[in-house]
Number of protein chains: 4
Amino acid sequence: MSPEKQAAKGMADPMKPRGRPRSGQAHQAILAAALAELARSGFRALTVDAIAARAGVGKMTVYRRWPNKAAVVMDAFLSLVGPATAFPEAPRAIDRIRGQMRLQAAFFNGKFGRAIKALLGEAQFDAELAEAFRDRWLTPRRQMTRRMLREAVRQGDLRADRDLETVIDLLYGPIYYRLQLGTGPITAAYMEGVFARAMRGLARPSASA
Amino acid sequence: MSPEKQAAKGMADPMKPRGRPRSGQAHQAILAAALAELARSGFRALTVDAIAARAGVGKMTVYRRWPNKAAVVMDAFLSLVGPATAFPEAPRAIDRIRGQMRLQAAFFNGKFGRAIKALLGEAQFDAELAEAFRDRWLTPRRQMTRRMLREAVRQGDLRADRDLETVIDLLYGPIYYRLQLGTGPITAAYMEGVFARAMRGLARPSASA
Amino acid sequence: MSPEKQAAKGMADPMKPRGRPRSGQAHQAILAAALAELARSGFRALTVDAIAARAGVGKMTVYRRWPNKAAVVMDAFLSLVGPATAFPEAPRAIDRIRGQMRLQAAFFNGKFGRAIKALLGEAQFDAELAEAFRDRWLTPRRQMTRRMLREAVRQGDLRADRDLETVIDLLYGPIYYRLQLGTGPITAAYMEGVFARAMRGLARPSASA
Amino acid sequence: MSPEKQAAKGMADPMKPRGRPRSGQAHQAILAAALAELARSGFRALTVDAIAARAGVGKMTVYRRWPNKAAVVMDAFLSLVGPATAFPEAPRAIDRIRGQMRLQAAFFNGKFGRAIKALLGEAQFDAELAEAFRDRWLTPRRQMTRRMLREAVRQGDLRADRDLETVIDLLYGPIYYRLQLGTGPITAAYMEGVFARAMRGLARPSASA
DNA sequence: GGCTAAGCGAGACGGTACGTCTAGTCTTGGG
DNA sequence: CCCAAGACTAGACGTACCGTCTCGCTTAGCC
């Protein structure tokens with residue numbers, strides 16, 4: 001998926017590189033073009049020819065670096081959004097989580113939301129793409145969330161829980177669900193609702209004995 | 001999407017239908033063939049030609065009834081699974097919900113799970129398909145769940161909640177999340193975990209005051 | 001090809017016709033529509049659906065009377081031009097032939113020329129159509145020409161010739177040649193040139209001894 | 001029609017050609033396959049898919065070079081028969097013409113005759129195809145005939161004639177007429193008959209004064 | 001007046017080929 | 001060995017039209 005992985009195909013990694021070196025300029029141009037085409041046409045209508053043409057690059061140069069169209073677009077997307085949706089600063093970890101959920105809601109509502117939908121949709125048909133999505137988008141964010149959750153437990157705001165994965169799913173599942181299924185708007189208020197119910201629980205206090 | 005909607009395109013709906021009526025036999029044969037091809041090849045590899053050939057039907061007969069391959073397969077899928085994943089009987093509504101969640105987990109693990117993934121993925125690119133998915137798969141199930149939730153409130157097991165939509169998202173979001181993102185297996189145990197945490201809440205009892 | 005031939009398929013020709021009789025009105029409407037479509041779209045672009053629609057007739061009603069689209073158009077064409085291109089009156093038969101050749105030139109230049117081209121073109125792929133063209137267009141005209149030639153021989157203007165077929169070919173071959181190959185305009189002057197050279201011969205008088 | 005003409009569509013003809021050059025091998029393979037399919041199935045039944053498959057070539061490669069199926073087959077035909085039906089050697093030009101007419105009769109009776117019929121038929125519906133037929137089949141042959149006719153005049157066998165076009169039509173019109181209309185067999189004897197009558201003329205010697 | 005047979009307008013049917021499109025690979029000449 | 005350009009194979013797509021079939025109805029002659 002990544003250029004490094006591509007390059008590793010040749011066996012002579014530590015050897016001195018021969019011939020004309022790859023143009024970093026081309027790399028950037030391709031990513032930019034991919035992003036532009038993604039915005040213009042959406043994922044499906046977008047063609048590799050169009051990306052190459054817009055980048056002023058041969059198609060071969062694209063395929064030398066990425067195995068297929070989905071991978072290019074995925075990389076373009078990730079290169080762009082990498083640092084976004086961080087956890088805002090706050091004294092209590094629980095508030096940082098809540099803040100991040102609000103940020104994510106805003107994020108999912110813009111054009112990035114559409115891009116994520118498309119990429120995630122395509123990933124249903126392409127295992128490698130799905131892996132890339134998990135490894136480079138999802139996992140880092142879950143990692144961060146896990147850290148926050150542990151901190152919140154330490155600070156006495158959350159119960160200790162052996163299975164943080166499920167906890168994360170409970171908090172973030174609903175937002176992806178709405179994004180993909182389109183059952184309603186993804187607003188800050190909605191995220192607050194999810195957060196509050198997840199914290200407090202749905203059962204009547206007396207009943208859960 | 002559905003044939004009825006198709007037919008409604010003509011302006012003279014209440015008029016008596018003229019000409020040779022559409023063959024219900026062909027309709028059924030196409031749906032069956034679509035299902036068979038879906039099982040054999042998966043959604044992407046499956047072709048309309050193959051469906052038509054297997055159904056012993058001209059390609060035109062397929063395209064006369066559905067606008068594209070996704071719509072056919074969606075209809076085929078829905079015609080099959082329509083009645084599945086019902087709420088099992090139980091004295092308390094809250095237990096019926098939990099039971100249904102376990103059933104759904106099983107359901108999502110089989111070939112239906114793969115079909116749903118594919119359909120849901122495709123729906124990210126096709127608004128009409130997305131609508132069909134919502135209207136014919138999702139909405140009826142949410143409707144049913146809503147009824148169950150109200151019953152559970154009446155029976156004193158759940159808090160009253162003005163926003164049942166969010167409650168449903170909290171319960172079912174995680175399962176779709178795992179299905180689509182592949183972050184872990186969808187087991188009965190997982191569903192129990194989701195259910196339990198959603199009921200009890202994540203916060204330390206004292207903290208949520 | 002003709003309706004009579006169609007009707008003769010049943011074995012009980014002399015039997016009294018049963019059931020609803022065929023509508024003469026539909027027959028005429030179809031021929032008229034075929035002609036109109038021929039003028040509008042040319043032979044290739046013209047569709048049976050269009051003919052039927054314009055005639056306000058079901059497609060079946062067309063196919064009950066003619067075996068295929070070429071046959072309809074051929075009939076439409078012949079019904080129209082039947083009496084045209086007759087031999088003009090003149091005291092000497094040789095002049096009637098020359099006159100008819102001039103008429104034919106004019107005829108081939110109009111829209112009928114285009115229709116003949118198309119019909120003749122199509123006939124290269126359809127034996128039945130070719131037969132119809134020969135039987136109903138060509139043969140009657142050749143018959144007439146043969147009679148004229150014999151008369152001209154009797155009147156002392158032509159040599160006696162055992163093989164009138166070749167003579168006719170010599171006179172009329174060139175006009176069809178130009179029509180089909182498009183090597184030049186089909187004018188009255190051209191026809192005169194053909195006629196004159198055919199009469200007088202190409203060889204130097206002394207040389208042909 | 002021809003590949004050169006195709007290529008000329010781009011505006012930068014004198015520019016150095018960039019990118020991978022078109023494969024001459026593919027070109028030849030397609031023509032050969034087209035010929036084979038023409039022999040096997042006839043013009044109408046022959047499909048572009050079959051040509052491409054037999055040539056081991058993608059359909060796109062066919063359509064990149066020719067605008068439609070008729071154009072391919074025409075090119076294939078012309079590339080094959082280019083040099084055929086030459087004028088046989090003889091001391092007197094008039095005999096060379098007569099000899100060529102006999103050769104042409106033989107030629108038109110074989111499978112080439114059927115191909116010419118089909119191509120000529122198709123050309124009635126396709127102006128470009130007709131042009132190709134004229135430019136690459138007909139015109140060169142007429143050119144040659146014109147030269148022969150002039151030589152025969154010089155040798156004293158033919159009258160001088162200002163309008164050689166009409167003379168050629170008189171000699172060759174009948175053969176195409178029979179080929180297209182099917183009014184009789186195209187034999188050497190028939191050609192002799194045409195030739196003789198054209199030379200000597202049809203009129204009674206005394207009458208044509 | 002009812003019966004039977006065939007024709008009627010409409011339009012769906014099976015089939016087949018078309019010409020277009022895109023993905024991903026290969027091949028030029030030049031850097 | 002990389003690059004831009006663009007041709008390559010492969011194969012699905014959606015459209016078009018052919019000639020046939022089927023529906024509910026009408027129109028005739030015969031009983």
Side-chain angles (χ1 to χ4, degrees), chain A residues 10 17-23 25-26 44-50 52-53 55-70, chain B residues 10 16-23 25-26 44-50 52-53 55-65 67-69, chain C residues 10 16-23 25-26 44-50 52-53 55-70, chain D residues 10 16-23 25-26 44-50 52-53 55-69:
Chain A
R18 303 210 291 154
R20 177 172 173 177
R22 287 191 180 173
S23 152
Q25 209 173 317
R44 266 297 161 82
L46 150 178
T47 69
V48 176
D49 283 79
V57 136
K59 221 177 352 164
M60 203 48 212
T61 302
V62 177
Y63 280 106
R64 223 192 311 278
R65 297 165 137 97
W66 293 274
N68 53 52
K69 135 179 151 171
Chain B
K16 183 181 300 177
R18 305 218 282 158
R20 176 174 175 176
R22 292 192 177 171
S23 154
Q25 207 173 320
R44 269 294 161 85
L46 151 180
T47 70
V48 176
D49 282 80
V57 138
K59 217 184 345 172
M60 213 26 224
T61 301
V62 177
Y63 280 109
R64 204 175 289 117
R65 293 152 190 264
N68 53 54
K69 123 180 155 173
Chain C
K16 186 174 298 174
R18 304 217 286 157
R20 176 175 176 176
R22 291 189 179 171
S23 152
Q25 207 173 319
R44 264 303 159 81
L46 153 178
T47 69
V48 176
D49 284 76
V57 137
K59 216 170 7 156
M60 201 49 211
T61 301
V62 177
Y63 281 106
R64 205 176 286 118
R65 295 163 139 99
W66 293 275
N68 52 52
K69 133 179 150 171
Chain D
K16 185 178 300 178
R18 306 219 283 157
R20 177 175 176 175
R22 291 193 178 171
S23 154
Q25 207 173 320
R44 270 294 162 86
L46 149 181
T47 70
V48 176
D49 282 80
V57 137
K59 218 176 353 163
M60 217 22 225
T61 300
V62 177
Y63 280 107
R64 219 194 312 280
R65 292 150 191 266
W66 293 275
N68 53 52
K69 127 180 154 173

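Within every chain, numbering begins at 1; the chains are lettered A, B, ... in the order of the sequence lines, protein sequences first and strands thereafter.
Contact detail for Arg44(D) and Lys69(D): the closest heavy-atom pair is O-NZ, 3.3 Å. Among all heavy-atom pairs drawn from Val48(D) and Tyr63(D), the shortest one is CG2-OH, 3.6 Å.
In terms of phosphate contacts, Tyr63(A) brings no side-chain nitrogen or oxygen within less than 4.0 Å of OP1 or OP2 of dT25(E). Residue Arg65(D) places at least one side-chain N or O under 4.0 Å from the OP1 or OP2 atom of dC8(F).
Taking Arg20(C) as the reference, nothing meets the side-chain hydrogen bond (donor to acceptor under 3.5 Å, both in side chains) condition, with sequence neighbours excluded. Every residue two or more places apart in sequence or in another chain that forms a side chain to side chain contact (heavy atoms under 4.5 Å, CB included) with Ala50(C) is listed here: Glu37(C), Thr47(C). Looking at residues two or more places apart in sequence or on another chain, you find no side chain to side chain contact (heavy atoms under 4.5 Å, CB included) involving Ala53(C). Among residues two or more places apart in sequence or in another chain, the side-chain hydrogen bond (donor to acceptor under 3.5 Å, both in side chains) test is passed with Asp49(A) by Lys59(A).
Counting atom types as modelled, Arg20(D) pairs a side-chain N or O with a base atom of dC26(E) as donor and acceptor under 3.5 Å.
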Return the polar atom pairs (N/O with N/O) between nucleotides 9-12 of chain F and the protein under 3.5 Å, or none.
from   : atom 1 : to       : atom 2 : distance (Å)
dT9(F) : OP1    : Gly56(D) : O      : 3.3
dT9(F) : OP2    : Gly58(D) : N      : 3.1
dT9(F) : OP2    : Thr61(D) : OG1    : 2.5

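Residues Gly19(D) and Gly19(C) each lie close to DNA chain E; by heavy-atom proximity, the contact nearer the 5' end of the strand is made by Gly19(C). Between Ala52(C) and Ser23(B), the residue anchored closer to the 5' end of DNA chain E is Ala52(C), taking for each the nucleotide with the nearest heavy atom.
In this structure, Arg18(C) atom CZ and dC3(E) atom C1' are separated by 11 Å, rounded to whole Å. Arg44(B) places its CZ atom 11 Å from the P atom of dA23(E), with the value rounded to the nearest Å.
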